[in-house]
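For reference, the structure discussed in these notes is given below.
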Amino acid sequence: REERDDTSAGDWDGTNRFLVEPGMEPDADSAVEDLGELNMGHPDTLADFVAWGVNSYPAERYALIIWDHGASWIGVASDDSSDGDTLSLPELSAALETARERSGYGTFDLIGFDACIMAQLDVFQAIEPYGQVVVASAELEPNQGWAWDVWLAALAADPGQDAAAIAPVIVESYIASFEGTDNDD
């Protein structure tokens, strides 16, 4: 186990799925499904997750946010436990197309990349058929990433807002979370 692994929510290997609800703890006991070890850099893993989420939890609006290392045209979501396998842009598109075929979701209201240098034209072209609004950074992102607590609280306070309304909150809260730090440039 690497020193940087966060074990605050338990210490397990593999992939667990959760239904996130207020007050729940993301530990192995609250998982709705344990899938074992999966390659996060393989398009089938993403396609299966999206189809499972849409089919299991129908909603009026959908968002897909990918967190991990990003590298623009090289791809996103490298899996250190699978020899650094990364979702290339063609694989990302194929995964979203497969998920759409399996679930019929249409398009995501929001696709987000809490990952470095994903606000690039080639990335946007790859995901354009699958999303309406995108949030991504053209620069490097510090390890902390987005200010999830802030923007999710804003969404919970006004769940009727659409992707165009919540996207600037994601960006502004991210920027504000670094004000007064060494990363505020």
Side-chain angles (χ1 to χ4, degrees), residues 6 8-10 15-35 38 40 45-68 70 76-77 87 92-93 95-116 118-119 123-124 126-139 141-181 183-184:
D6 181 354
S8 62
T15 305
N16 290 317
R17 290 180 174 165
F18 297 91
L19 172 59
V20 178
E21 297 179 297
M24 66 88 60
E25 293 293 325
D27 56 35
D29 292 335
S30 62
V32 296
E33 195 170 8
D34 181 345
L35 303 173
L38 294 177
M40 294 298 138
T45 303
L46 178 59
D48 290 344
F49 172 73
V50 170
W52 167 80
V54 170
N55 291 329
S56 298
Y57 304 101
E60 292 178 22
R61 295 189 174 117
Y62 292 101
L64 173 66
I65 301 170
I66 298 175
W67 173 90
D68 197 12
V76 66
L87 277 173
L92 178 60
S93 291
L96 296 175
E97 183 61 33
T98 299
R100 181 161 55 189
E101 290 169 1
R102 291 184 192 168
S103 64
Y105 71 83
T107 59
F108 286 100
D109 296 84
L110 176 88
I111 295 178
F113 293 99
D114 191 355
C116 298
M118 294 302 288
V123 175
F124 295 163
I127 64 167
E128 186 273 331
Y130 309 103
Q132 298 172 25
V133 174
V134 66
V135 176
S137 175
E139 293 288 338
E141 287 192 7
N143 289 339
Q144 299 88 340
W146 293 359
W148 288 77
D149 56 336
V150 176
W151 78 265
L152 285 174
L155 180 60
D158 182 8
Q161 61 190 311
D162 62 14
I166 198 64
V169 176
I170 295 170
V171 173
E172 291 162 6
S173 64
Y174 171 76
I175 292 168
S177 72
F178 290 101
E179 289 178 356
T181 70
N183 293 314
D184 65 354

Notebook entry, point to check: Are side-chain N/O atoms of Gln132 and Thr107 paired as donor and acceptor at under 3.5 Å?
Noted result: yes
Notebook entry, point to check: Got Phe108 and Val134 here, is their nearest side-chain heavy-atom distance under 4.5 Å?
Noted result: no
Checklist line | Asp48 vs Leu38 side-chain heavy atoms within contact, under 4.5 Å | finding: no
Margin query: A side-chain contact here means heavy atoms from C-beta on lying under 4.5 Å apart; do Asp68 and Met40 qualify?
Written below: no
Margin query: Contact between Ile127 and Phe113 at the side-chain level, heavy atoms closer than 4.5 Å - yes or no?
Written below: yes
Next item on the list: List for me each residue that meets side chain to side chain contact (heavy atoms under 4.5 Å, CB included) alongside Ala138, sequence neighbours excluded, and say none if there are none.
Entry: Ala119, Gln120
Notebook entry, point to check: So do the side chains of Arg100 and Pro129 get within less than 4.5 Å of each other, counting heavy atoms only?
Noted result: yes
Next item on the list: Classify the ring geometry between Phe178 and Tyr174 as parallel (under 30°), tilted (30 to 60°) or perpendicular (over 60°).
Entry: perpendicular
Item checked: Test item: Leu46 and Leu64 side chains (from C-beta on) under 4.5 Å apart, heavy atoms -> yes
Checklist line | By ring-ring contact (aromatic ring centres under 6.0 Å, His included) - contacts of Trp148 (at least two apart) | finding: Trp146, Trp151
Checklist line | Heavy-atom pair with the smallest gap, counting every atom of Met24 and Leu19 | finding: CE-O, 3.9 Å
Item checked: Which atom of Asn16 lies closest to which atom of Ala28, heavy atoms considered -> ND2-CA, 4.5 Å
Note to self: A side-chain contact here means heavy atoms from C-beta on lying under 4.5 Å apart; do Leu35 and Trp52 qualify?
What the structure shows: no
